[in-house]
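Working notes, structure below.
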Amino acid sequence: MTIHGTRTATTTQEDPVHHPRTRHLISVDDLTDDDLRTLVADGVAFRAADRKGGPKPLRDEVVGIYFSKTSTRTRTAFSSGALRLGASVITYGPGDLQLNTGETSEDTGAVLSRMLDVLVARTAGDEAEMRAWASQRRMSVVNAMSAGEHPTQALTDLTTLSAHFGRLDGLRVLYVGEGNNSASALALALSRFPGTELELRTPPGYGLDPAYLARAKAHAARTGASVRERHDMDDLPADVDAIYTTRWQTTGTTKPDPHWRDVFAPFQVGARLWETSPKAVFLHDLPAHRGDEVTAEVLDGPLSIAFEQAENKMHSAMAVLKWCRAGGPPAPGE
């Protein structure tokens, strides 16, 4: 502004507007045990409901969908879910925001929070950028996948297991493949349920990030669950309830070792894994590469619920959006 012909800088004061219903989901560890159970239960409930009817808790709200990396399921799930809950949706591609020209994450979050009620974002970075967006007090921020963790995928996985088995407590899951962001989130989530057992079989050099593994084991010690990791395919556990894998080439990443496929080859999920667990269902976060991480016989077989799992992304996304806004916008004057 100009005073007596002299240009002075304006000062930015802390935004006084605080929406007490605004909550963020950037890591599974942002959730209490009760929050986690509520989100899974709501995902199952949305799955059972008539998708063309029901309440509209996000009516008059606006959800921004920002994906800097490719996505089929997660982007469609949150877009469709937001619309079904009554919200309007604005989408942004990787080249659309001024982040590309040097605007800070804090400034981006401050601006978007004055126009959006929720920002759902997928990046190749760490959680710090999303935490910066969440430093304001108006707009909820949802991590739709970062380099370290894919929390909404874990909620989808738990929703799928809960819907299929009618429970989560005590389930036994064998995860085979890279210790990527889906595996990290699954470990953080499943370990919160008493009596669950998660066996991770990851290729040497491609295991779970030690920090995530330590956090998951800490949860397990508290709840009476179990999280174990090995880097071979010997002595697999018998009578597991579910066998889970993900694609070998995680979205947005490359492997520096030119011979990495040789390391991964023993970890392909094929029919032999069902010899000791004949009733186990098969999970995959998709996209799948038949002949790499999983055989077509398994992915397209009668025990595969991978495509139900994909549909559950929408139901789980609806649960997340509802939870972030706690059932609706603030009342007038709040």
Side-chain angles (χ1 to χ4, degrees), residues 25-31 36 69 122-128 130 143-158 160-161 168 171-193 196-237 240-257 260-269 273 282-286 288 292-294 309:
L25 176 56
I26 298 173
S27 169
V28 171
D29 279 351
D30 291 336
L31 304 171
L36 192 53
K69 294 297 176 182
R122 167 172 291 189
T123 75
D126 61 23
E127 293 178 10
M130 295 188 189
N143 177 1
M145 192 179 79
S146 59
E149 188 181 340
H150 197 348
T152 61
Q153 179 62 53
L155 290 171
T156 297
D157 301 338
L158 266 57
T160 303
L161 290 169
L168 287 172
L171 289 183
R172 305 180 70 217
V173 177
L174 171 63
Y175 175 93
V176 179
E178 186 175 25
N180 59 15
N181 43 29
S182 289
S184 297
L186 178 67
L188 291 179
L190 196 62
S191 58
R192 307 276 284 276
F193 291 84
T196 58
E197 297 181 24
L198 175 62
E199 179 95 6
L200 298 139
R201 295 301 181 98
T202 56
Y206 296 93
L208 212 64
D209 181 308
Y212 283 100
L213 184 59
R215 285 159 57 185
K217 287 188 173 184
H219 289 312
R222 177 176 59 83
T223 63
S226 172
V227 178
R228 298 181 297 269
E229 183 179 37
R230 286 178 53 168
H231 304 298
D232 60 65
M233 291 296 285
D234 300 328
D235 303 318
L236 293 174
V240 299
D241 297 295
I243 299 173
Y244 189 159
T245 194
T246 68
R247 64 183 294 187
W248 284 348
Q249 193 70 52
T250 303
T251 300
T253 67
T254 58
K255 295 179 174 60
D257 178 8
W260 66 267
R261 286 185 174 276
D262 296 333
V263 179
F264 275 69
F267 294 83
Q268 182 186 74
V269 173
L273 297 189
F282 174 67
L283 299 176
H284 193 306
D285 59 359
L286 303 179
D292 281 352
E293 75 277 4
V294 62
Q309 182 185 3

query = side chain to side chain contact (heavy atoms under 4.5 Å, CB included) between Leu188 and His219: does it pass, once the steps are laid out?
reply = CA-CA 7 Å; Leu188 291 179; His219 289 312; 4.3 Å; yes

Value for CG (Leu31) from CD1 (Ile26), rounded to nearest 0.5 Å, stands at 11.0 Å

Heavy atoms of Ala183 and Leu200 approach each other most closely as CB-CD2, 4.4 Å

Report task. Decide, yes or no, whether a salt bridge links Arg247 with Glu293 under the criterion of side-chain N to carboxylate O below 4.0 Å. Result -> no

Tested for side chain to side chain contact (heavy atoms under 4.5 Å, CB included) against Phe193, the lone hit among Thr223, Leu171, Leu36 is Leu36

In short, Ala225 meets Ser191 closest at the heavy-atom pair CB-O, 3.6 Å

* If we only count heavy atoms from C-beta on, is the Asn143 to Thr152 side-chain gap below 4.5 Å? -> no

side-chain hydrogen bond (donor to acceptor under 3.5 Å, both in side chains) filter on Asp285, not counting sequence neighbours, yields Ser182

I'd like to know whether Gln309 forms a side-chain hydrogen bond (donor to acceptor under 3.5 Å, both in side chains) with Asp157, so could you lay out the CA-CA distance, the side-chain angles of the two residues, the decisive distance to 0.1 Å, and finally the verdict. CA-CA 7 Å; Gln309 182 185 3; Asp157 301 338; 2.8 Å; yes

Checking Glu229 against Lys217 for the salt bridge (Lys or Arg N to Asp or Glu O under 4.0 Å) test, could you report, in this order, the C-alpha distance in whole Å, the side-chain angles of both residues, the deciding distance, and whether it holds?
CA-CA 10 Å; Glu229 183 179 37; Lys217 287 188 173 184; over 6 Å; no

Taking Val28's backbone N and O only, do any of them form a donor-acceptor pair with Glu149's side chain (distance below 3.5 Å, no angle check)?
yes

### Query
Given the side-chain rings of Tyr206 and Phe264, with only the six-membered ring counted for Trp, is the space between their centroids under 6.0 Å?
yes

- Task: Please step through side chain to side chain contact (heavy atoms under 4.5 Å, CB included) for the pair Leu236 and Leu273, ending with a clear verdict.
- Result: CA-CA 8 Å; Leu236 293 174; Leu273 297 189; 3.3 Å; yes

task: Decide yes or no for Arg172 and Pro237: does some side-chain heavy atom of the first lie under 4.5 Å from some side-chain heavy atom of the second?
output: yes

Nearest heavy-atom approach of Ser184 to Gly179 is OG-O, 4.4 Å

ask   = Is it true that Asp209 and Arg215 make a salt bridge, defined as a side-chain N closer than 4.0 Å to a carboxylate O?
value = no

Donor-acceptor contact below 3.5 Å, side chain Arg201 vs main chain Asp234:
yes

Heavy-atom nearest pair, Thr202 first then Gly207, reads OG1-CA, 3.4 Å

(Q) Taking Arg230 first and then Asp232, would you say they form a salt bridge - that is, a charged N and a carboxylate O separated by under 4.0 Å? (A) yes

Tightest non-hydrogen contact, residues Thr123 and Gly125, listed as OG1-N, 3.1 Å

Shortest non-hydrogen pair, Leu174 vs Val176, comes out as CG-CG2, 3.8 Å

Separation between CG (Asp241) and CG (Leu161), nearest 0.5 Å, reads 8.5 Å

So, Asn181 side chain and Ser146 main chain: donor-acceptor pair closer than 3.5 Å or not? yes

Residues at least two apart in sequence or cross-chain that pass side chain to side chain contact (heavy atoms under 4.5 Å, CB included) with Gln268, listed by chain then number, are Trp248, Thr295

